[in-house]
Structures are given as C-alpha cells and as structure tokens.
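Atoms within each ligand, like the ligands themselves, are counted from 1 in listed order.
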Amino acid sequence: MSHVSSNRLRWGLAAAVTALLTACAAGPEPQTPPPAGPTSPPPASGAPETPGDSGPAPARPVGPFESSGHARMDAWRADFASRAQAQGRDREVIRSVLEGISPLETFLGSAFTAQSSGIEDQAEFAKPIWEYLSSTVTSTRKRIGADKLAANTALFDRLEAEYGVEREVLAAIWGMETSYGGFIGSNDAANTLANMAVEGRRRRFAEGELIALMKILEQGLAERGDLVSGWAGAMGQTQFMPSTFLAHAEDFTGDGKIDVWNSRADALASAANYLAVSGYQPGEPWGVEVILPEGFDYSHADGKDRRLATWRSLGLAAARGDQLDAGGAEFAELWVPAGHRGPKFLLFKNFDVFKTYNRADSYALAVGLLSQGVQGRDSPVADWPSDIRPLSVAQVKRLQAGLNDLGYGAGPVDGIPGRMTKSALRRFQTDRGLIADGFPTASMLSLVLEAAGS
Ligand SMILES: [Ca+2]
C-alpha cells in the first residue's frame, strides 16, 4: 500500500505501483541473525565489546559502519543511528537494520534527477480511471480471487467472525495489493526506507518507518531476514508499512510471529483488523451504482453526504435491481467519476475505509469492483466513456484560466481539476444549456477557450 497522496484525486494514481513492484527486483541480502526477544536483555555491566552484545550501553555508539559507497548515505546513517539510539532503540537492532544498506537506482540513481526536477509532473497526463481499472480489475484477477475464496472457506469464515469484514473485500484487498500473495516484492524494507530517507523528499516518513521496523525486531514480532518489502517499504501479502504493522498487524495463527509474508492467515487477519479499526461497517456496501433521472442537477455530486431518502427523492435508482438498498447505511455521497456518460455511484463509509490503504479514489473503486468481481458480479453496469481523452495538466490549467477569465471562479490555476474547477465548469455548462456535469473534456476546453476569446 502506498499511503502517498492526500488529495482526493479522482483520476488513477496508483498504476505505477504494480510496475514498480516488478521493477525493483534486487533480492534482499542475507542479514545478520535477528536479536530475538524483547528490548531488555540482562545488563551488560561494562562487558567487553563483543558481537551480539546488546546490553544497555548508551555511551557506546552504534557505528562505525562499513561504507555503503555513497557518501550522503553514510553520513545520513551515522546521524540517524545515533538519533535512533538516543530514542532508546536497541543498539544491535539498529546495527542489523542499517549495516547492510546500499544505494538503489530507484531512489538514488540517475533517474532521480529527472524525478525531482518536476519534469515528470509537468508532462503527466492524468490516466483515465477506466484505464487504471482495466489494468487492476482484470478477469484473471477476478477468477483467481474466486478460486482463493473457494479454497480458503474455513479461514474466511473465521476472519469474518473475528473482524466483521466480508470475505470478498479481504480477497479484493489481497488481490489488489499482491495478486493474492503472488507478488510481495523482493526489496529489503530497511534498505528501501533508508534509500527513501537519503533521497530526502520523504525523509521524516521514512525515518519513522525505520524506527517502527526496529521496534518490530525489538518486540520479536518478526525477524531481520523476514523484512521483505515492495518498492516503497510495504511488507507482506497485504502490504503493511512498518508503522501499520506495528499498530495493527495480527498473529492469527497464534505462533507468536506475525508472518504477513508467508502466512495468508496472518496477512489477511492483519488487513481485516486494519479495516475494522479504520471503521469498516459490516453489511454495508462500499458503493451502489446508480442511474440518475433526466435533467439531474449534477451539483449534487459535490462530495457531501446526504440521506438515502434524499437521494431517492432526487430520483436516483439502483443500476442493478430497482431498490436503492444499502444494508442499513443511511448516508452516501454521489460520485460521478467520468462525467454524465459514465457510471455513477453512491459511495458509503466503507469506500473511505478502503482509502486507508491508498488515498486514491481510483484504488478504492478498484477494490470495490474487484470485491464484486470475485463473486462473479460484473460491474459497473454502465460503460466507461473510453473514447474521451482526459486533459493534460497543461490543458486543465488553460481550462482553469479560461473559466477565471470568464468570471466563473475556477480557483488557482494548478492543473488539478478539483472541486472549484468542476463547480466553475458546471456553471459555465448551465449557462450554455449543456449537461452540467463539470467533467473536463477536450470539447469543454474548446468551448471555454472560444468563449474566453483565448
Ligand atoms: Ca503467526
């Protein structure tokens, strides 16, 4: 899971994750045996410095380390190791986490320059949500998910009983994160996070996760050699960051280890627990695909929760079946991710719970659709308007500037088609007798630029 973006991006974001999981194929190096057991071994009482001595000897520095061959990495490590020690982390654990680190191309190679220069951001076209979905909610993934459900009935029974999260949801998370454990990455989490810290943009985050890794080892929840991760440090079959692991991972097999790598029971229980503590509502849908009445006012697709009764009174009907039923859930927001021609959804609390795994709406939608797919339900009913080409960041900026010139108040010209931009576009569309869905398309851009005389 990559808890990266805090924006409510309506377009696909996480497509790179799967690709990068494959790309980072450097195997984890064998590491020193783990210092098993809790933090406080018997006092070392000034014992001589021998390998494996983990006595509380605050005056004794963790280093020096053998050079990684990267000066900035070496300097960061010396500094971070002493800070970790000052925080009370175990000396030998710090050593075992940091001694084998080495620069990775992904973070510190030559590609880094292009990434940090912002050139990528400038050139980036928002990927249409239907493209993201077609690469994540595949027929293969649906079929394998159905097989996994059938093959693990007893386990899913126990997970549902214990955590109150439906099996198809757990299967969907499992499928999205690692293709059901088939693809857990092959990086050493410590090395990945150390590289992220040295790279610098997310240093505080990466250092916090490294501290969490150290605590995992100190508490004996996992062993040093276990800590295999994907490209961003997420670990195991359901991709837990170390801090999330520390807070929410579960030993469902009861053997004293949390083996999210090899034990599907531990991994799925950890995911179930994380969803449950994030507020998952058993029995409620994540979303319901709906049909809107003729002449519907799209300003209601504003991200605000309204009562189901209100939505019914506005003429919304379920796309499948005719009853707008939500398993007792009372509130939902209307989401129109691809304009008036595409599928529309009422979204419930559980949709936001999915987003604790990954902040992108497209990810949460993929989880929801896959949870239906593994049950043999094809959704959505409506087709995606896949003939529409999304606007580039530069085009969105021109749209925003044009709307601002016309007095529609699209807000900052930032290339992100957020709420203000959509609302401005809706008012523009309303004034011209168009269907006012606020969806930025090339044809809308042309109309706005024409009206603005630019
Ligand atoms: Ca276990």
Quiz item: Hey, would you say the Tyr274 and Tyr357 ring centroids sit under 6.0 Å apart?
Solution: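 Between Tyr274 and Tyr357, the centre distance is under 6.0 Å.
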
I'd like to know if the Ca ion (ligand 1) has an N/O/S atom from [X] within less than 3.0 Å of it, counting both backbone and side-chain atoms.
X: Thr253; answer: yes
X: Ile258; answer: no
X: Asp251; answer: yes

Quiz item: Which single N/O/S atom of Asp266 lies at minimum distance from the Ca ion (ligand 1)?
Solution: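 Of all N, O or S atoms in Asp266, the Ca ion (ligand 1) lies closest to OD2.
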
Self-check item: Closest Asp255 atom to the Ca ion (ligand 1) [N, O or S only]
Solution: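 Looking at Asp255, the N, O or S atom with the least distance to the Ca ion (ligand 1) is OD1.
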
Exercise. Would you sort out whether Lys142 and Asp147 count as a salt bridge (Lys or Arg N to Asp or Glu O under 4.0 Å), showing the intermediate values?
Key: CA-CA 9 Å; Lys142 291 179 199 172; Asp147 292 348; over 6 Å; no

Quiz prompt | Qualifying residue, where the test is side-chain contact (heavy atoms from CB on, under 4.5 Å) with Phe252 and the options are Leu268, Asp259, Leu159 | solution =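 Of all the options given, the one that passes is Leu159.
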
Quiz item: Got a sec: does the CD of Glu66 have more than 12 other heavy atoms crowding it under 6.0 Å?
Solution: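 No - once you tally the heavy atoms of other residues, nucleotides and ligands closer than 6.0 Å, there are 12 at most.
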
Quiz prompt | Distance under 6.0 Å and angle within 45° of ring axis: Arg95 vs Phe65 | solution =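 Yes, Arg95 lies over the aromatic ring of Phe65.
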
